[in-house]
There are 2 protein chains.
Amino acid sequence: MNTAEHIINTATLLLQKNGFNAFSYHDISRQIGIKTSSIHYHFPGKHDLGKSIMKNYRALHNSELKRIDSESSNPVKKLQAFGELFICTLGDEFRMCPCGMLTTDINTLPEPIKEEVQGFFTDSEAWLASVLKTGIEQGLFSIESNHNEFAKTLFASFEGAMLSARAFKDKARLSKTIKQLIKLIQT
Amino acid sequence: MNTAEHIINTATLLLQKNGFNAFSYHDISRQIGIKTSSIHYHFPGKHDLGKSIMKNYRALHNSELKRIDSESSNPVKKLQAFGELFICTLGDEFRMCPCGMLTTDINTLPEPIKEEVQGFFTDSEAWLASVLKTGIEQGLFSIESNHNEFAKTLFASFEGAMLSARAFKDKARLSKTIKQLIKLIQT
DNA sequence: GTTATTCTACCTATTAATAGGTAGATAGAA
DNA sequence: TTCTATCTACCTATTAATAGGTAGAATAAC
């Protein structure tokens, strides 16, 4: 792993745990044994770093979605696997999704980061929408509203459940919500 | 309005817009024309201020729930009114719920604030649970899972939808999710 | 093949700005 | 007089960011 990657990984964790405005170059510097100026060499400003964090995380997330697609074609199992992704992200340290984290900070962020955050939303929503569509066609799901619209609701709910789990340091708050929502739309 | 209230109101808005670690005593001081030291007089530390913000907001929110109870006894209408509360909070400036905002910052906050944040969750969840219970008894709602558990899911989903609306500066993302979820549980 | 040059990846040292916080003076009200 | 609320005038710590320098690898010129 090269230094730039090391910085991104460390910063991603700090973002997930504390938020964008609650970690500093010094925090990263201390953790990986490198001076703050060296971080500036790789990422001139904190906003550059923020954008790189999101770009990287988004790519990782999308490759996970591809993996799920390759492992199963059952819409119900796909939704469960998607939920598992969230549970895995939360982990034992109650890490929030970087995308959700940056959304609260969105007013203090420049346009390039916003675009990346929105991109993360739309990527996931598009994937969920296609899973829902297939599920509806196969008679597995019953949703009165449009599948594209419901995909947004589903994603937002998962993000919210992550937040809730974080507030109580209670993983069940996430897993139960995922189970409930999947159950609710099943025929 | 006295100064302490003025400070709380100003700080609440700043918290809702930018997050706890993204506003300063100076920001408040500038907005209400008072020195930062005067804010320290009313709220010795930022954490004291944070706790007061949540206490105040929680009380306000609970009185809104009482108002809803007094205005209607129909569970569906109550849920809609609850949703309206969220839409109203979001407003035209896409203000996040202070509780959701502090949840992302939770790792950087002391215990007293955490308790207040969790209290906001449990207050709302308990209210939602009782509305759901009545609705189920009246045959208006159909939820396979326990109403207490589903109340948590509902609240988390609303918070998440708020986040999503904020990310896109799109109020419909919140209102549509509220509508969809209420519709989904109706018989 | 050797020399000259440029690039990479870090360093030390410092900056201007801002953070939260404190001590002590002061003016007015109870 | 004493209390309340505010002020002036600081302090210490931290922030993101920059300047300037260096060892060593890679590349180009001769």
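All chains are named by letter (A, B, ...) in the order of the sequence lines, taking the proteins before the strands, and each is independently numbered beginning at 1.
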K.L.:
We want to know whether A:Asn9 and A:Thr12 form a side-chain donor-acceptor pair, criterion being a heavy-atom distance below 3.5 angstrom.
P.N.:
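A:Thr12 and A:Asn9 do not have a side-chain donor-acceptor pair below 3.5 Å.
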K.L.:
Please state how far atom CZ in A:Phe20 lies from atom P in D:dT15, giving the value in whole angstrom units.
P.N.:
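My rounded result for the distance is 14 Å.
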K.L.:
Which whole-number value in Å describes the distance from A:Glu5 CD to C:dA9 P?
P.N.:
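Interatomic distance, CD of A:Glu5 to P of C:dA9: 12 Å.
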K.L.:
Side chains of B:Gln31 and B:Thr10 only: does a donor on one sit below 3.5 Å from an acceptor on the other?
P.N.:
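Not at all, the side chains of B:Gln31 and B:Thr10 share no donor-acceptor pair under 3.5 Å.
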K.L.:
If I take atom CD1 in residue A:Ile28 and atom P in nucleotide D:dT14, what distance separates them, rounded to the nearest angstrom?
P.N.:
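For the pair A:Ile28 CD1 and D:dT14 P, the rounded distance is 17 Å.
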K.L.:
A:Lys46 has an atom NZ; how far is it from atom P of D:dA17, in whole Å?
P.N.:
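Taking atom P of D:dA17 as the reference, NZ of A:Lys46 is at 8 Å.
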K.L.:
Can you give me the N/O atom pairs linking the protein to nucleotides 10-13 of chain C at distances under 3.5 Å, or say none if there are none?
P.N.:
residue : atom : partner : partner atom : Å
C:dC10  : OP1  : A:Thr3  : OG1          : 3.1
C:dC10  : OP2  : A:Thr3  : OG1          : 2.9
C:dC10  : OP2  : A:His42 : NE2          : 2.9
C:dC11  : OP2  : A:Lys35 : N            : 2.9
C:dC11  : OP2  : A:Ser38 : OG           : 2.5
C:dT12  : O4   : A:Ser37 : OG           : 2.9

K.L.:
Return yes if some donor-acceptor pair links the side-chain N/O of B:Tyr25 with the main-chain N/O of B:Gly45 below 3.5 Å, else return no.
P.N.:
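Looks like yes, one N/O pair under 3.5 Å.
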K.L.:
Under the 6.0 Å and 45° cation-pi test, does B:Lys152 pair with B:Phe121?
P.N.:
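Judged by the rule, B:Lys152 and B:Phe121 form no cation-pi pair.
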K.L.:
Within this structure, what is the CD1-to-C1' distance between B:Ile32 and D:dT6, rounded to whole angstrom?
P.N.:
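Result: 12 Å.
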K.L.:
Calculate the interatomic distance between A:Tyr25 atom OH and C:dT18 atom C1'; express it in whole Å.
P.N.:
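In whole Å, C:dT18 C1' lies 17 Å from A:Tyr25 OH.
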K.L.:
Taking atom P of C:dG20 as reference, at what distance in whole Å does atom NE2 of B:His47 sit?
P.N.:
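B:His47 atom NE2 is separated from C:dG20 atom P by 10 Å.
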K.L.:
Can you tell me the distance, in whole Å, between the CG atom of B:Asn21 and the P atom of C:dA19?
P.N.:
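Rounding to the nearest Å, CG of B:Asn21 and P of C:dA19 are 12 Å apart.
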K.L.:
When you measure from the centre of the six-membered ring of A:Phe20, is the NZ or CZ of A:Lys46 closer than 6.0 Å and no more than 45° off the axis?
P.N.:
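The answer is yes, since A:Lys46 meets both limits relative to A:Phe20.
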K.L.:
Does the side chain of A:Thr108 pick up a donor-acceptor pair with the side chain of A:Asn21 at under 3.5 Å?
P.N.:
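Indeed, the side chains of A:Thr108 and A:Asn21 share at least one donor-acceptor pair under 3.5 Å.
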K.L.:
For A:Phe23, report the nucleic acid contact type (base, sugar-phosphate, nothing); a contact means any heavy atom under 4.0 Å.
P.N.:
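The answer is sugar-phosphate, as A:Phe23 gets under 4.0 Å only of primed atoms, P, OP1 or OP2.
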